[in-house]
Amino acid sequence: LCNPQGQAIPLQTEVLACWPDQSVKWGLFDFQADVAAHTRAEYTLIANREHAASMTPELITSLLVKKDADSFQIDTGAAIFTVPTRRFAPFSSVMIDGQERLDAANSCVSFEDDAGRQYEHHIEQARVETSGALRITLNIDGQIRRPDSDANFARFAARLHFYAHSAACRIDYTLHNPNAAQHLNGLWDLGDSGSIYFNDLSFHVAAHSQNLQIVWNDDVLGASPRIAAGTMSIYQDSSGGDHWMSRNHVNRLGKVAHRFQGYRVTQGDAVISSGKRANPLVALQQNGIRIEAAIRDFWQNFPKELEATP
């Protein structure tokens with residue numbers, strides 16, 4: 001793989017599927033691109049094996065993964081993440097420059113059902129799914145159940161992606177309802193007897209620092225970052241489109257429950273910004289320490305919320 005200057009760069013490859021003749025049908029290519037904001041860059045994949053082999057630089061990885069009885073430890077060269085394998089947190093420690101950056105006691109994944117009862121994420125399986133020079137992926141799945149019960153309310157699956165020379169982690173999280181739908185009279189209705197109902201699913205990440213400053217941006221594709229003086233949230237209530245109150249958005253009770261068009265940014269009880277479709281980022285920072293959070297396809301998967309407290 002060559003960058004726009006024609007220089008070969010490190011490339012991690014994985015064959016995902018093959019044709020009957022064993023040629024590649026689907027391939028996954030990991031590489032690290034350096035592209036300035038609002039610009040385009042063209043990278044060239046060379047299919048000639050001999051020519052590519054002579055150009056490709058040796059992959060010297062900074063990625064290391066270790067496993068002990070109750071956790072994985074992933075060292076990316078920029079951060080050391082500890083991922084527990086009993087309860088999904090998702091992290092119990094994040095070390096950067098030899099210092100702990102995570103307040104593990106106040107970091108967790110919380111789940112609340114429609115009756116206000118709290119549930120825990122119990123891990124049944126945790127394994128290294130991909131281990132390469134540029135990316136390591138952990139595959140974790142298990143049950144969501146009450147602390148005082150073995151009854152399974154729902155299941156979850158999560159993939160945690162870690163990247164060489166980076167302190168970023170991408171989390172792909174899936175909530176799974178194992179109950180079979182009934183489809184009475186052949187209808188696929190909302191509120192089927194096999195449905196589950198919950199009020200809240202949240203990832204809480206707390207920094208191991210005091211007097212943090214909140215930086216937020218409601219559109220990383222164009223807006224400029226802003227500072228918040230106190231607790232703030234970015235909440236996408238509806239699609240933001242002209243038909244945000246369409247009957248396409250009815251709930252199981254046959255009602256459109258959205259309260260307003262688009263999103264609102266609030267600080268306390270005050271609305272400090274609003275718009276139609278948010279692509280937000282929220283960060284906590286202090287003296288070079290910075291924790292950022294973003295949700296992929298934020299406005300498309302309404303309702304969604306990012307909240308920060310200093």
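Only a predicted model underlies this, so the values are computations on that prediction, with no experimental measurement involved.
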Query raised in the report: Are I171 and I123 linked, directly or through other ILVMFWY residues, by side chains that come within less than 4.5 angstrom of each other?
Result: yes
Query raised in the report: Does N199 offer a backbone N or O that forms a donor-acceptor pair with the side chain of D113 under 3.5 Å?
Result: no
Requested in this report: Quick one: do S238 and Q261 satisfy side-chain hydrogen bond (donor to acceptor under 3.5 Å, both in side chains)? Show the steps, please.
Outcome: CA-CA 6 Å; S238 62; Q261 182 181 15; over 6 Å; no
Requested in this report: Mark yes when over 12 heavy atoms from residues, nucleotides or ligands other than D34 sit less than 6.0 Å from its CG; otherwise mark no.
Outcome: no
Requested in this report: Look at the side chain of Q32 and the backbone N and O of A164, then say whether any donor-acceptor pair between them is shorter than 3.5 Å.
Outcome: yes
Query raised in the report: Closest heavy-atom contact between L16 and L28?
Result: CD1-CB, 3.9 Å
Query raised in the report: Looking at M245 and H258, what are the two nearest heavy atoms and their distance?
Result: SD-O, 3.9 Å
Pair up each side-chain donor or acceptor in residues 69-82 with any protein partner under 3.5 Å, not counting sequence neighbours, and list the distances.
unit_1: S71; atom_1: OG; unit_2: D68; atom_2: OD1; d: 2.9
unit_1: S71; atom_1: OG; unit_2: D68; atom_2: OD2; d: 3.2
unit_1: D75; atom_1: OD1; unit_2: G77; atom_2: N; d: 2.9
unit_1: T76; atom_1: OG1; unit_2: A78; atom_2: N; d: 3.2
unit_1: T76; atom_1: OG1; unit_2: A79; atom_2: N; d: 3.1
unit_1: T76; atom_1: OG1; unit_2: A79; atom_2: O; d: 3.3
unit_1: T76; atom_1: OG1; unit_2: S166; atom_2: O; d: 2.7

Query - Donor-acceptor contact present, side-chain E307 to main-chain I234, <3.5 Å - result: no
**Report entry** Any donor-acceptor N/O pair, R277 side chain to S239 backbone, under 3.5 Å
**Finding:** yes
Query raised in the report: Any chain of hydrophobic side-chain contacts (each under 4.5 Å) joining Y119 to F156?
Result: yes
Requested in this report: First locate atom CG of N106, then atom OG1 of T309, and finally report the distance between them rounded to the nearest 0.5 Å.
Outcome: 11.0 Å
Query raised in the report: Are any side-chain N or O atoms of E100 and backbone N or O atoms of L102, one a donor and one an acceptor, separated by less than 3.5 Å?
Result: yes
Report summary line: Residue set satisfying side-chain hydrogen bond (donor to acceptor under 3.5 Å, both in side chains) with Y163, at least two apart, ordered chain then number -> none
Requested in this report: Starting at CZ of F29, measure out to CG of L134 and round the result to the nearest 0.5 Å.
Outcome: 13.0 Å
Query raised in the report: Does R146 offer a backbone N or O that forms a donor-acceptor pair with the side chain of S149 under 3.5 Å?
Result: no
Query - Heavy-atom donor-acceptor pair, Q118 side chain to E112 backbone, under 3.5 Å - result: no
Requested in this report: Output the distance between atom CG (D237) and atom CD (E305), rounded to the nearest 0.5 Å.
Outcome: 10.5 Å
Query raised in the report: Do I295 and Y173 sit in the same hydrophobic cluster, where Ile, Leu, Val, Met, Phe, Trp and Tyr count as joined when their side-chain heavy atoms come under 4.5 Å apart?
Result: no
Query raised in the report: Just by distance, do the side chain of N185 and the backbone of L187 share a donor-acceptor pair under 3.5 Å?
Result: no
Query raised in the report: CZ of F198 to CG of L175: how many Å apart, nearest 0.5 Å?
Result: 5.0 Å
Query raised in the report: Are any side-chain N or O atoms of D189 and backbone N or O atoms of D192, one a donor and one an acceptor, separated by less than 3.5 Å?
Result: no
Report summary line: F91 and V83 have their tightest heavy-atom pair at CD2-CG2, 4.0 Å
Report task. May I ask you to say whether E292 pairs ionically with R290, meaning some side-chain N is under 4.0 Å from a carboxylate O? Result -> yes
Requested in this report: Determine whether Y263 and V215 fall in the same hydrophobic cluster, where Ile, Leu, Val, Met, Phe, Trp and Tyr are linked whenever their side-chain heavy atoms lie under 4.5 Å apart.
Outcome: no
Query raised in the report: Should the heavy atoms of other residues, nucleotides or ligands under 6.0 Å from NE2 of H243 be counted, would the total exceed 12?
Result: no
Query raised in the report: According to the interplanar angle, ranging from 0 to 90°, do the rings of H121 and F88 count as parallel (below 30°), tilted (30 to 60°) or perpendicular (above 60°)?
Result: tilted
Report task. Flag yes if more than 12 heavy atoms outside K276 fall under 6.0 Å of its NZ atom; otherwise flag no. Result -> no
Report summary line: One should read off an interatomic distance between S273 OG and R264 CZ, to the nearest 0.5 angstrom, of 11.5 Å
Report task. Using modelled atom types only, decide if a donor and an acceptor are shared between the side chain of Q236 and the backbone of A278 within a distance under 3.5 Å. Result -> yes
Query raised in the report: Parallel, tilted or perpendicular for Y43 and F31, by the 30°/60° rule?
Result: tilted
Query raised in the report: If two hydrophobic side chains count as joined below 4.5 Å and joins carry through other members, does L212 share a cluster with I214?
Result: yes
Query raised in the report: Taking 4.0 angstrom as the limit, do R87 and E120 come out as a salt bridge?
Result: yes
